[in-house]
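Convention: sequence-line order gives letters A, B, ...; per-chain numbering from 1.
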Amino acid sequence: MDAITPTRLGRGFYTRDVLEVAPDLLGKLVILADSEGKELRYRITETEAYRGEEDRACHASKGRTSRTEIMFHAGGSIYVYLIYGMYWMFNVVSSEAGIPQAVLIRALEGYPGPGKLSRALGIDGSLYGIDLVSSDRIWIGDDGNIPAYITAPRIGIEYAASPWKEKDWRYLVKNEG
DNA sequence: AACACGATTTCG
DNA sequence: GAAATCGTGTTT
């Protein structure tokens, strides 16, 4: 069994609409080095789409601020923020510049839960704004895995108005999560 | 300067 | 069901 060398996702993958990027990230590999420099790979099994200023569940619906700034840039950068004072949420920016969108990585194979996966991988605020297309610290690879998936409403956004809180913009690999 | 709250997790 | 815990946006 030869191990397949993953190909790094390029700019074009990320600059599409978040409703295409979020499901397409399922099965892809988050690749980074651990504290000893060893390369680690984690397969994405669950994502959620946050789509523009009109999406009341998206942080960018509050407008352009120091926190949401990166979402207004072209896709491919990392958006991370601290929630409840203790958990870092790992997001991937999508779309063209000027259209704020991001994909929340909700689960990796073996690491269900956005807060738990960040803790396991050591993801924190220092990753804010890092470009996944050019960074040598963290990137996303494709090894040809294209899993079947299901959709569902997003979690933890009850505060958002309709129709946004009812959108089926959560994507889960079938038989996982 | 003070306040309210959250794209979660864990414990009781 | 409720606490933990703090950066960010909003109000004073």
Inset, instruction - Find out whether Leu132(A) and Leu9(A) are in side-chain contact, i.e. whether some heavy atom of one side chain is under 4.5 Å from a heavy atom of the other. - result: no
Inset, instruction - Look at Ser66(A) and dG9(C) and indicate whether a side-chain polar atom (N or O) is within less than 4.0 Å of OP1 or OP2. - result: yes
Inset, instruction - Have a look at Met86(A) and say if it touches a base, only the backbone sugar-phosphate, or nothing, with a 4.0 Å heavy-atom cut-off. - result: base
Inset, instruction - Anything under 30° is parallel, anything over 60° is perpendicular, the rest tilted; go ahead and classify Trp169(A) against Trp164(A). - result: tilted
Inset, instruction - Rounded off to whole Å, could you give me the CG-to-P distance for the Leu82(A) and dT9(B) pair? - result: 13 Å
Legend entry - Touch class at under 4.0 angstrom, heavy-atom based, for Leu104(A) against every strand present: base
Legend entry - Length of the CD-P vector between Glu69(A) and dG7(C), whole Å: 20 Å
Inset, instruction - Please state how far atom NE2 in His59(A) lies from atom P in dT10(C), giving the value in whole angstrom units. - result: 12 Å
Inset, instruction - Using a 4.0 Å heavy-atom cut-off across all strands, classify Gly125(A) as base, sugar-phosphate, or nothing. - result: nothing
Inset, instruction - Please determine, for dC6(C), whether a Watson-Crick or G-U wobble partner exists with both distances under 3.5 Å, and give it or none. - result: dG6(B)
Legend entry - N/O (side chain, Tyr87(A)) to phosphate O (OP1/OP2, dC6(C)) under 4.0 Å: no
Inset, instruction - Report which part of the nucleic acid Arg119(A) touches: base, sugar-phosphate, or nothing (heavy-atom distance under 4.0 Å, all strands). - result: sugar-phosphate
Inset, instruction - Please work out if Arg154(A) contacts a base, only the sugar-phosphate, or nothing of the nucleic acid, heavy-atom cut-off 4.0 Å. - result: nothing
